Amino acid sequence: MTESKTAGAPESKPASKSKYDYTNGPMPLEINLSWCKACNLCIALCPKQVFEPDRDGKPVQVRPDDCTQCTICWVHCPDFAITSNYK
Amino acid sequence: MATVTKQKSDVVLDYLRPGKKFPSVWCPGCGNGIVMGALIRAIDKLGWDRDNIAMVSGIGCSSRLPIYLDVHTLHSTHGRALPFATGIKFAKPGMKVIVVTGDGDALAIGGNHFIHACRRNIDITAILINNNIYGMTGGQGSPTTPAEKISTTTPFGNVEKQFDPCQLAIGAGASYVARTTVYHTPHMEKMLLAALEHKGFSLVEAVSNCHTYFGRLNRQGDAVAMLNLFKENSVMKGKASKMTDEELKGKWVLGTLHEHEATEFCDEYQKLVDAQMSKRG
């Protein structure tokens with residue numbers, strides 16, 4: 001667990017939000033942008049708002065530390081463009 | 001960290017046919033891809049030999065699904081996926097036969113074949129991807145287009161009543177019938193797993209989204225909006241049993257709707273052959 005995220009935040013949300021530590025490893029998810037059709041499903045369905053759309057509407061992991069590996073994004077990806085590096 | 005470890009989410013990629021062009025032909029956000037992913041994960045969980053699986057499909061958007069899979073596949077004529085599958089199963093009873101059809105393919109053009117496959121209770125798993133419209137040919141009304149909904153052939157609202165594929169299959173004698181939606185993907189995986197394991201004719205209706213035609217004509221929005229619609233308008237079977245018909249109007253009842261033990265067609269036929277052969281000595 002890193003202290004980086006909780007530095008300025010109050011005690012409302014403890015650092016134990018995710019059991020995965022992404023600081024030394026790869027990003028939580030691997031996105032194959034050439035297969036992605038920018039359908040927006042992963043961005044909309046992610047409960048932690050990990051993604052933001054880029055200029056083409058394809059997902060970018062802007063809040064990777066929030067990812068809990070809940071599998072919702074890659075299970076709902078109709079084009080198999082998302083795979084997880086951890087699950 | 002440099003070593004590439006196999007993750008659970010990579011399973012789907014293993015089953016894709018090499019040399020196939022990706023991304024798929026489907027519209028962005030189409031539920032067919034979600035069903036395909038769930039089906040692959042269910043097959044992988046069962047650990048079936050890929051050389052022992054035959055996937056048959058007819059014509060339609062959903063029927064493009066098997067061509068992306070690295071198993072035995074047969075892309076047959078419109079509505080006749082079930083007869084082709086019956087032939088495969090009958091000739092090779094050891095083979096696992098999976099049929100992927102759409103609502104128009106199975107219930108309109110192949111309606112007759114559908115009820116007779118149910119009646120025979122042959123060991124086939126049929127996955128009916130129901131998007132309430134003919135997507136590939138331009139948004140014509142299908143047998144499952146709900147009343148008052150708009151399609152290109154019913155521009156002022158559909159006056160016909162819709163088919164309930166699950167009730168039809170139960171009535172025709174299918175021994176396993178389940179319904180699920182593309183929003184409830186883990187549930188779909190579970191239903192598909194149970195259907196694939198079931199001995200006898202099993203039907204899984206996967207309620208899917210056609211936001212390109214159905215969603216646009218009926219002002220239901222894009223893929224995300226339609227998936228949220230499935231979330232709001234579906235009820236699990238247990239909860240539905242406590243609800244009145246009035247409350248259930250326009251809702252999808254999800255779960256295993258019907259299951260019974262029945263004699264399987266190929267087994268019965270083999271018994272008949274054995275009996276006749278022993279009689280002749």
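These numbers were taken from a predicted model, which means no experiment stands behind them. Values below: every heavy atom of this structure, side chains too, minus hydrogens, waters and symmetry copies. Quick note on labels: first sequence line is chain A, next is B, and so on, each numbered from 1.
Within 6.0 Å of NZ on Lys87(A) lie more than 12 heavy atoms contributed by other residues, nucleotides or ligands. Environment of CZ in Phe214(B): crowded, with over 12 heavy atoms of neighbouring residues, nucleotides or ligands closer than 6.0 Å.
Inspection of non-hydrogen atoms places no residue of residues 56-67 of chain B under 4.5 Å from chain A. Listed in order of number, the residues of residues 19-55 of chain B that approach chain A to under 4.5 Å between heavy atoms are Phe22(B), Pro23(B), Ser24(B), Val25(B), Trp26(B), Cys27(B), Pro28(B), Gly29(B), Cys30(B), Gly33(B), Ile34(B), Met36(B), Gly37(B), Arg41(B).
Annotation: the span from Phe80(A) atom CZ to Leu13(B) atom CG amounts to 8.5 Å, rounded to 0.5 Å.
Although no hydrogens or angles enter the test, the distance criterion places no donor-acceptor pair under 3.5 Å between the side chain of Ser9(B) and the main chain of Thr83(A). The closest donor-acceptor contact from the side chain of Gln7(B) to the backbone of Ser84(A) lies at 3.5 Å or more, if one exists at all.
In this structure, chain B has no heavy atom under 4.5 Å from any part of Ile72(A). For Val12(B), the part sitting under 4.5 Å from any heavy atom of chain A is the side chain, from C-beta outward, and nothing else. With a 4.5 angstrom heavy-atom cutoff, Tyr68(B) does not touch chain A via any of its atoms.
Here the side chains of Asp10(B) and Trp74(A) are not in contact, with every heavy-atom distance at 4.5 Å or above.
The candidate with the highest count of non-hydrogen atom pairs below 4.5 Å against chain B, out of Asp79(A), Leu45(A), Ile82(A), Val75(A), is Val75(A). Chain B forms the most heavy-atom pairs under 4.5 Å with one residue out of Ala44(A), Pro78(A), Cys36(A), Ser34(A), and that residue is Pro78(A).
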